[in-house]
Amino acid sequence: MENKEIARVLAETADLMEIAAEDSFRIRSYRNGASAVESNPDRIEDILRDPARKVTDIPGIGKGLAAVLEQIVATGSCDRRDQLLEKFPPTALEFLKIQGLGPKSIALIFEHFRISTIDQLETLCREQKLRELPRMGAKLEEKVLRSIAQYRVRSGRYLLSYAESMADELSAALLAVEGVEAVTPAGSLRRGRETVGDLDLLVTGPNATRALATFVKYPRVEEVLGHGENKASAKVGREGLQVDVRALPPESFGAAMQYFTGSKDHNVAIRTRAVRMGLKLSEYGLFRSSDDSLVAAATEESIYQALGLPWIPPELRENSGEIEAAAEGRLPELVELSQVRGDVHMHTTETDGRASLEEMAEAARQRGYEYVAITDHSKALAMANGLDETRAVAFARQIRERNREGSLGIRIFSGIECDILKDGAMDLSDDALAELDLVVGSVHSHMNLEAAEMTDRLLRALECPHLRILGHPTGRILLHRDPFPFDFERVAAEAARRGVWLEINASPERLDLHGALIRSAKAKGARFTISTDAHHPKHLANMRYGVTTARRGWLGPKDILNTLAAADFAAAIHAKS
DNA sequence: GCCGTTTTCGGCCCGACTGTTTTCAGTCG
């Protein structure tokens, strides 16, 4: 059992305990335990099996949770979770995803109405029954109905990072089959979409068909949906991600890759182009319409070439102008991960990060970066132990000192992620902000303002002379919270005018900005940074999702400030007009 | 339930908003 799954069981148990109104500190311990398990570099299952090692050596795991971990690894669940699932319906965990309902309200609804499904909850709201309960009213019913609608749209999709880890895991298992040469993910994962509906894996090799048999017997397959000669489908993992595995002959691999990578809109447009040229394109190859003779099939390059086009990077294949651009030879040069020279938004234990300044710097150095910016939270984020003026300035001095010593082996800029308050003012005084190398401004509160008010708020924030970067500009949390409404184009244009860069937040839960907005902002003259917002050294690896997202926004290295060398980046920070 | 002891219990535990209220519980970050 993988750490991520173990962590999920712990977190679910904590959720259920919360509905059952159990001791809040115990719940907190379960949550801490979940995050400790998830961020532990070694597999918990391996540690449990090794008599020489102890899980209790992991901070946050004591005797109690050690026993729980044993149980989870052995049975996939634990006693407390099982007991609570007898008391509450298994859908209780789904109810927690409905915004506006917390554990207390859910417990009350269960107790009073004896319902167990989201559909029943919807009915309650429509029939205006929720308001019978204390402290619940018409506004809440409306909010819950809106939230249920959003929930339905989201369920059935998965974060890019989750789909990628599943693809990696399955690829490794299938590559171990003799006679399998390559396993390649296609579909929206290959295009780098921020969420993925299902996973397509293309298998080649003399014995590719045998990979299908291995796949359907894979331990984490929950339900086999179909298993034929060339294709097998199954729901995999507790989350039930649908995975389609296809065995392909090498001679038509390129055509299949092209076909299964999509997007559907891109393919329709490409096939229309083929028809106009007297050709037809399918997953088996590109053929002459007149005599069905094969033109190209083995590689994607050969197919695009036969259609008079250069190869189009998968990130661009959304039929949003890429085919025209390719035909006219003006596809953009896209940024690559190796061109990123620094990560300029991250947190440390000074606020809510999980590693020290030294550990974050060292992790960044190991990734080959030239520089980092440490941007801990400001005081408005009290739960994160945000910095007030005094602490922010003192911490900046400490960072400068370490930087001067050169002992960390990497250049460090002192920064802050300063909250943008409800009225657009900065959370910290100008004097304090002036002490810092780099100010990222972010919205973390009051996200339900009217669009006009939110636009004014952001425009006012841009007036701050010290603001350099607008952090996660739309505030969305994928599959969880929609972007807050505001006039993006106006804000992007104003940011461009004032020389404030827009962040492409590489956290797989955010990917904010996303491709379409990036393109729109670039058209307004905006420039960008790609940053991970890391709260742990391992989060630095999320940079690749940010780069993929930037590529989906048609960005090249010149659009992105943290592809600059350290000295140039430093100059850019300080050369504010 | 974890942690850390001036070692076996006590601390952990913030702050603002919202909607429903007549003084505040619940949610959220």
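Every chain is numbered from 1, with letters handed out A, B, ... down the list of sequences.
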Candidates B:dC2, B:dT20, B:dG15 - which lies nearest the side chain of A:Leu140: B:dT20
Taking the P atom of each, how far is B:dT21 from B:dA16, in whole Å? 25 Å
Any carboxylate oxygen within less than 4.0 angstrom of a Lys/Arg side-chain nitrogen, looking at A:Lys422 and A:Glu453? no
In whole angstrom, give the distance that lies between atom CD1 of A:Ile27 and atom P of B:dC12. 18 Å
Integer angstrom distance from the C1' of B:dT20 to that of B:dC14: 23 Å
Strictly below 4.0 Å: does A:Ser24 bring a side-chain N or O up to OP1 or OP2 of B:dC12? no
Are A:His446 and B:dC17 close enough that a side-chain N or O sits under 4.0 Å from OP1 or OP2? yes
What integer number of Å spans the P atoms of B:dC12 and B:dT5? 15 Å
Among B:dC14, B:dT20, B:dC28, which nucleotide has an atom closest to any side-chain atom of A:Lys139? B:dT20
To the side chain of A:Arg135, which of B:dC28, B:dG19, B:dT27 is closest? B:dG19
Nucleotide nearest A:Lys104 when distance is taken to its side chain, options B:dT27, B:dT18, B:dC14: B:dT27
At under 4.0 Å between heavy atoms, what does A:Ala138 touch on the DNA or RNA strands: base, sugar-phosphate, or nothing? sugar-phosphate
For A:Tyr545 and A:Glu164 the tightest heavy-atom approach is OH-OE1, 2.8 Å
side-chain hydrogen bond (donor to acceptor under 3.5 Å, both in side chains) with A:Asp482: of A:Gln99, A:Gln150, A:Arg476, only one passes, and it is A:Gln150
Is the shortest side-chain N/O distance from A:Arg131 to OP1 or OP2 of B:dT20 below 4.0 Å? no
Look at all strands and tell whether A:Gly33 reaches a base, only sugar-phosphate, or nothing, counting heavy atoms closer than 4.0 Å. nothing
A:Ile477 CD1 to B:dC28 P, in whole Å, measures 13 Å
Most 5' of A:Glu141 and A:Ser105 on DNA chain B, judged by nearest nucleotide: A:Glu141
Any luck finding a side-chain donor-acceptor pair between A:Thr348 and A:Asp376 under 3.5 Å? yes
Whole-Å gap separating C1' (B:dC28) and NZ (A:Lys97): 18 Å
Nearest-neighbour nucleotide for the A:Pro59 side chain, B:dA25, B:dG29, B:dC3 considered: B:dC3
Picking from B:dC28, B:dC12, B:dG1, which would you name as closest to the side chain of A:Gln99? B:dC28
So which one's nearest nucleotide on DNA chain B is more toward 5', A:Val68 or A:Ser445? A:Val68
When A:Arg43 is tested against each of A:Glu5, A:Glu38, A:Glu2 for salt bridge (charged side-chain N to carboxylate O under 4.0 Å, His left out), which residue passes? A:Glu2
Look at all strands and tell whether A:Arg31 reaches a base, only sugar-phosphate, or nothing, counting heavy atoms closer than 4.0 Å. nothing
Looking at A:Arg497 and A:Glu494, is any side-chain nitrogen of the basic one under 4.0 Å from a carboxylate oxygen of the acidic one? yes
Protein-nucleotide distance (A:Asn32, atom CG; B:dG1, atom C1'), rounded to Å: 10 Å
What does B:dT8 pair with, Watson-Crick or G-U, if both distances are under 3.5 Å? none
Can you measure A:Arg28 atom CZ to B:dG29 atom P for me and round it to whole angstrom units? 16 Å
Rounded distance in Å - CD (A:Glu18) to P (B:dT27): 9 Å
Report yes or no: do A:Glu503 and A:His345 form a side-chain donor-acceptor pair below 3.5 Å? yes
Rounded distance in Å between the C1' positions of B:dG15 and B:dG10: 25 Å
Can you check the distance between B:dT22 and B:dC28, where both ends of the measurement are the C1' atom (answer in whole Å)? 24 Å
Would you mind reading off the distance between A:Met383 atom CE and B:dG15 atom P, rounded to a whole angstrom? 13 Å
What contact category does A:Met136 fall into here, base, sugar-phosphate, or nothing, at under 4.0 angstrom with non-hydrogen atoms? sugar-phosphate
Distance, rounded to the nearest Å, where A:Arg481 contributes CZ and B:dG29 contributes C1': 8 Å
